Amino acid sequence: MLTRQGVEIRVLSRQGKSIRAIARELGISRETVRRYLSEPVDNRPIPKTGEELCEAVVTWLVRSQALRH
């Protein structure tokens with residue numbers, strides 16, 4: 001799950017800032033920055049309409065139900 005801090009870290013990283021610079025700017029440890037940058041990013045498209053959102057939810061429910069059985 002990507003938090004606000006995770007988004008900030010990724011933005012700063014894409015701006016070319018080093019792990020040390022990001023940690024210093026946000027007041028967190030370098031290890032925390034590394035951990036956030038190592039998390040996979042969910043690149044699925046965001047549903048634009050209510051119908052697309054419903055389809056995405058139904059797909060998610062079907063998949064999660066299948067995993068339980």
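Note that this is a predicted model, so its numbers are computed, not measured. Worth knowing before you read on, the calculation uses all heavy atoms, side chains too, and leaves out hydrogens, waters and symmetry mates.
- Listed by first and then second residue, the salt bridge (Lys or Arg N to Asp or Glu O under 4.0 Å) pairs involving residues 11-24 are Lys17-Glu25 (not counting sequence neighbours).
- Residues satisfying the side-chain contact (heavy atoms from CB on, under 4.5 Å) criterion with Leu53, sequence neighbours excluded, are Pro47, Val57.
- Across all their heavy atoms, Arg30 and Ile19 have their closest contact at O-CG2, 3.7 Å.
- Between Leu12 and Val33, the closest side-chain pair of non-hydrogen atoms is not below 4.5 Å.
- Judged purely by atom type and a 3.5 angstrom limit, Thr59 uses its side chain to pair as donor or acceptor with the backbone of Glu55.
- Ser13 pairs by the side-chain hydrogen bond (donor to acceptor under 3.5 Å, both in side chains) definition with nothing, not counting sequence neighbours.
- Environment of CD in Glu51: sparse, with no more than 12 heavy atoms of neighbouring residues, nucleotides or ligands closer than 6.0 Å.
- Taken from OG1 in Thr32 to CG in Leu26, the straight-line distance is 10.0 Å, to the nearest 0.5 Å.
- When side chains are defined from C-beta on, Tyr36 counts as touching Gln5, because their heavy atoms get closer than 4.5 Å.
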